[in-house]
Undergrad: 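Have a look at this one before I ask anything.
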Amino acid sequence: MTHGHIPRSVCVCEPVCRGFEHGLVNTAILHTVLLAFPEASCTFAAEEEHCNRVRANLTERDPADAARVRWESISIPPRLTSTRKRLPFEFGTLRQVFDIARRQNAGLLFFSSATELGLFALKMLLFRGRPPFRIQAMLHNVLASLQTVRKKPFSRFRGLPAVFALPQPAGLRYIALGESISRHLRAIHPKAAQYFDVLDLPHEWATSNPLPVSPGKPILFGFLGVSQGKGFRTFADVAKGVRVAEPSARFSLAGHLNSPADCAQYSGITEDAECRPLSDEEYRRRGLALTYAVWTADPEHYGLVASATFLDTLSLIKPCIYLHNPYIDSYASRMGDIGYGCRNVKEMQDLVISLLRSFPAERYRQQCENILRGRDIFSPRVVSGHLRDLFLKWKD
């Protein structure tokens, strides 16, 4: 394909997620690709249950665009810790996807996520021969390993640094999900950064109408998402500290706990904790019931990683109480007052107590307006224009 030509067919592949995982995220990504290339046919390839989830979501959002998609179920690699055992599965998945892309005469193969081993396998396949399509890979959590691996001995021979140390095949580009991530990547790995483009992570909105907070109505502080690896322990510490001063303070979990052990450990922290994944409808219902969303993930993780949970707070039009981190701070500086950045748990506890004792109704209304006005930068309609521009400017 020559520079500047729009593809007649696009294949979008999700090689990592299964079932409910990131179903709404991949719906927004697929919708963005469809809007970026309205003249192209499109295929979405993913694990069967995940494929069905995205299909149902997109059909609800945009039936006309959903009807443009050819839906393909693929086998994705099992989550084995052994590289030797998992690598054949990675190659197998990629061969399935390459075959689908060739059958559809795709001009672009777009990976909505990737793993370290998956990227290694992808480079190995591309060294054997260049396919007749370009490839873009959107990198989410996998980029965080650049930060952790760099601290270990012989880091350049491990994980993602080792993948990026390999020669870069022609026709392959990566996507960093935000300007703050791109800046950090350029600082710590300038060689890899030259093969990255920047897109904001697209998101579909759950509502366009902020719910007014009635005088006398209890203020509800909520954690969005799953407990494992997302800072729920810190959220529990915040709740415990607040209740020492304000015993009637209310906290909610719009998500689920990952294990019976978590359920036992955190019983009583929220009034609605469950150990099973919520339906999209129940997640939305609980999220809309919140007054404030509380973001307590590890800030260091978000130097190179986007936060879909933060985007959920914008989707639900909820001001966010968060621990300062490069990702959210960069957007708060662009969007204005959309919540409260805190330096530590104590500061967060003190803030929650102050909001309970004197609710700032006018500032809350303005924060919701700022979210509504500023969040359009993440809409598939806006991001799709940037994606199309990236493709038109692509020079192999």
Side-chain angles (χ1 to χ4, degrees), residues 205-225 227 230-255 266 268-273 283-299 302 307 309-325 327-375:
W205 308 129
T207 184
S208 297
N209 300 301
L211 297 180
V213 179
S214 306
K217 181 181 178 182
I219 299 174
L220 185 58
F221 301 90
F223 181 95
L224 297 171
S227 62
K230 298 293 184 180
F232 193 79
R233 181 189 298 273
T234 304
F235 177 81
D237 291 341
V238 171
K240 290 173 184 175
V242 168
R243 282 184 175 142
V244 171
E246 295 289 337
S248 62
R250 295 184 62 208
F251 296 87
S252 174
L253 173 59
Y266 299 121
I269 297 298
T270 72
E271 54 204 55
D272 51 8
Y283 178 78
R284 179 177 181 274
R285 186 194 70 76
R286 292 192 188 188
L288 288 172
L290 303 178
T291 313
Y292 292 97
V294 182
W295 190 98
T296 48
D298 179 3
Y302 290 88
S307 172
T309 303
F310 167 64
L311 298 187
D312 281 347
T313 71
L314 304 182
S315 177
L316 297 160
I317 318 178
K318 302 299 174 184
C320 187
I321 300 168
Y322 68 96
L323 293 172
H324 279 298
N325 66 91
Y327 184 74
I328 298 181
D329 283 342
S330 69
Y331 287 113
S333 69
R334 292 169 64 181
M335 298 171 69
D337 182 10
I338 56 173
Y340 304 88
C342 300
R343 289 170 295 183
N344 51 50
V345 168
K346 177 64 167 58
E347 196 170 292
M348 193 173 271
Q349 290 169 339
D350 291 343
L351 172 66
V352 171
I353 291 168
S354 72
L355 294 172
L356 286 166
R357 291 177 175 173
S358 180
F359 179 69
E362 178 55 32
R363 182 174 180 181
Y364 186 86
R365 185 192 62 77
Q366 186 62 56
Q367 287 171 331
C368 293
E369 286 187 8
N370 291 345
I371 290 170
L372 265 175
R373 185 173 56 248
R375 71 181 186 177

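These values consider heavy atoms only, across backbone and side chains, with no hydrogens, waters or symmetry-generated copies. We number each residue from 1, following the sequence as shown. What you are looking at is a predicted structure, and each value in this text was computed from that prediction instead of being measured.
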Undergrad: Mind checking the CZ-OG spacing from R375 to S315? Nearest 0.5 Å is all I need.
TA: 6.0 Å
Undergrad: Where do F235 and F221 land on the ring pair (Phe, Tyr, Trp, His ring centres under 6.0 Å) test, with the steps shown first?
TA: CA-CA 10 Å; F235 177 81; F221 301 90; 9.0 Å; no
Undergrad: Does any part of the side chain of P319, heavy atoms only, come nearer than 4.5 Å to the side chain of I338, both counted from C-beta?
TA: no
Undergrad: Quick one: CG on L356 to CZ on R243, what's the gap to the nearest 0.5 Å?
TA: 10.5 Å
Undergrad: Heavy atoms only: give me the nearest Y322-A332 pair and the separation to one decimal.
TA: OH-CB, 3.9 Å
Undergrad: Thinking salt bridges, do K346 and D350 make one under a 4.0 Å N-O criterion?
TA: yes
Undergrad: If every non-hydrogen atom of T296 is compared with every non-hydrogen atom of G231, which pair is closest and at what distance?
TA: OG1-O, 2.8 Å
Undergrad: Where do G287 and L316 come nearest, in terms of heavy atoms and distance?
TA: CA-CD1, 3.7 Å
Undergrad: Quick check against the 3.5 Å criterion: does R286 have a side-chain atom that pairs as donor or acceptor with the backbone of L253?
TA: yes
Undergrad: When you measure from the side chain of N370 to the backbone of D337, do you find a donor-acceptor pair of N or O atoms at a distance under 3.5 Å?
TA: yes
Undergrad: CD/Q349 to NZ/K240 distance, rounded to the nearest 0.5 angstrom?
TA: 11.0 Å
Undergrad: Are F223 and F232, when compared by the centres of their aromatic rings, separated by less than 6.0 Å?
TA: yes
Undergrad: Testing L290, V294, L224 one by one against S252 for a side chain to side chain contact (heavy atoms under 4.5 Å, CB included), which residue passes?
TA: L290
Undergrad: So do I321 and W295 actually touch side chain to side chain, heavy atoms under 4.5 Å?
TA: no
Undergrad: Calculate, to the nearest 0.5 Å, the distance between atoms OG and OH belonging to S307 and Y331 respectively.
TA: 10.5 Å
Undergrad: Taking side chain as C-beta onward, heavy atoms only, is R284 less than 4.5 Å from T207?
TA: yes
Undergrad: Are any non-hydrogen side-chain atoms of R357 and E246 less than 4.5 angstrom apart?
TA: yes
Undergrad: Take E347 and N344 through the test side chain to side chain contact (heavy atoms under 4.5 Å, CB included) and record every step on the way to the result.
TA: CA-CA 5 Å; E347 196 170 292; N344 51 50; 3.3 Å; yes
Undergrad: Using side-chain heavy atoms (C-beta onward) and a distance below 4.5 Å, is F310 in contact with Y327?
TA: yes
Undergrad: How long is the gap from CG on L323 to CE on M348, to the nearest 0.5 Å?
TA: 3.5 Å
Undergrad: Check for a donor-acceptor pair, side chain of T291 on one end and backbone N or O of I219 on the other, with a separation under 3.5 Å.
TA: no
Undergrad: In the structure I gave you, are the side-chain heavy atoms of L355 and Y340 within less than 4.5 Å of one another anywhere?
TA: yes
Undergrad: Go through it in stages, so that I can follow the logic: the residues are D312 and K318, the test is side chain to side chain contact (heavy atoms under 4.5 Å, CB included), and I'd like the CA-CA distance, side-chain angles, deciding distance and then a yes or no.
TA: CA-CA 9 Å; D312 281 347; K318 302 299 174 184; over 6 Å; no
Undergrad: State, with a plain yes or no, whether a side-chain heavy atom of L220 is found less than 4.5 Å away from one of R250.
TA: yes
Undergrad: To the nearest 0.5 Å, what is the distance between CG on D329 and OH on Y302?
TA: 14.0 Å
